[in-house]
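Bear in mind the structure is a predicted one, so any value in this text is a computation, not a measurement. Numbering of ligands and ligand atoms starts at 1, following listing order.
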Amino acid sequence: MGTEDIYSGLRASAGAIEEELIALRRKLHSYPELSFEEERTSDAVAEWLNGLGLDAVRRGVGGHGIVAELAGSRPGPRIALRADMDALPIREETGLPYASQVPGVMHACGHDAHTAMLCGAARLLADRRDRLAGSVRFLFQSAEEINAGAKAMIEQGALEGVDEIYGLHNLPTLSAGQAGTRFGALMGSVDQFEVTVTGRGGHGALPEQCVDPVVAASAIVMALQTAVSRELSPFSPAVVTVGSVHGGASYNVIPERVELAGTVRTFSPDVQEQMPDRLARLAGRIAEAYRCTAELHYIRHVPVLLNHDDQVRRVEEAIDAVLGRDNRIEAPPVLAGEDFSVYLGRVPGCFFWLGSGPETGAEQAYGLHHPRYTLNEGCLAKGAALLAAIAIRNEFPDANLHSDNKKRSRS
Ligand code: NI
């Protein structure tokens, strides 16, 4: 059997289970669960996997995570495929018949779809295990939205023995049926910070008796922007956003303190490393100039998502084979984060975008994390086939095993 036959076989098999994948995704969509609470979701995944005759299914890994193992018929590398399972604290406003039945919780990032796609890939690969070299490890992960699930799974051994890892995220601004990734940095680092500015409160009409933290905090908000605009190259993308300012309760009282909270995104590990010191210096010295003190609490979430070259090439080959070269785009970099980056810091791999939007030319879909976010379910079977295709190249570890070498010279 030649390479082309393998890929067309995967496409056909994925098409044959499309209805089941849609049903599974809708079931997950109706019962979204927040980070580290994905109990019912993991039950549904376990139920699906149980029918496939996998070699091992470990539950409760890093929260409600599932690690499942499929061994091929010959030795080879162990390839991990990962999907995230958690939903968001958003009230769904899509009006869909299978909309969330959990008040205030919604699969607004499409992790229900990612989970369904990986279930589909497991089915496609399990059906082909006699022709699979090496093994595939399926990682169903908790708590991506709070940047905690990947670390939790790794701590419990999810990456042990893994040679390469792959994962995807749906993208509603890209048509279903298209996909893409990029070499090097694809997504930004994510950090969080809090600054407590302390002065001395008092009467709003008597500033000479007070030390005003509101004015100091205002100056700090402005100054923090210079950590990017005046200290980094314009060719080195980074963002400092203060998303929360809290202080005072009355129009005529100078408060004792003001609390700022924000996020830092960067596109290079070096820049990420330097940001805590920059923010501490700016906040501390600006506060001092205004006779206040500022205390910085800096929380590192996830590193820059750095794809590995060989694995990017592998994903691009799979996209070309499954979706067609015309449907492969070069993904633009974004500063949004993804805790898949934690895996990529340990083993080589690649993260990629899969289009989940309307067909080209149709009206623009709502974006990720929007209460009206919807997903073109046409992406489910395509994603399942693509994930399976990425893992199944192991089918050809040795050219001598096959007679139709010419067909496979592309790799
Ligand atoms: Ni997401």
Is it true that [X] and [Y] make a salt bridge, defined as a side-chain N closer than 4.0 Å to a carboxylate O?
X      : Y      : result
Arg82  : Glu338 : yes
Asp130 : Arg74  : no
Asp163 : Arg78  : no

key: 4.5 Å side-chain heavy-atom contact, Phe140 and Asp84   = no
task = Would you check if Met106 and Thr94 make a side-chain contact, meaning some heavy-atom pair closer than 4.5 Å?
result = yes
request  = Go through the structure and list residues passing ring pair (Phe, Tyr, Trp, His ring centres under 6.0 Å) with Tyr98, not counting sequence neighbours.
outcome  =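 Counting only residues at least two positions away or on another chain, Tyr98 forms a ring pair (Phe, Tyr, Trp, His ring centres under 6.0 Å) with His29.
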key: Closer than 2.8 Å to the Ni ion (ligand 1) - protein N, O or S atoms, ordered by chain and residue number   = Cys109 SG, His111 NE2, His169 NE2
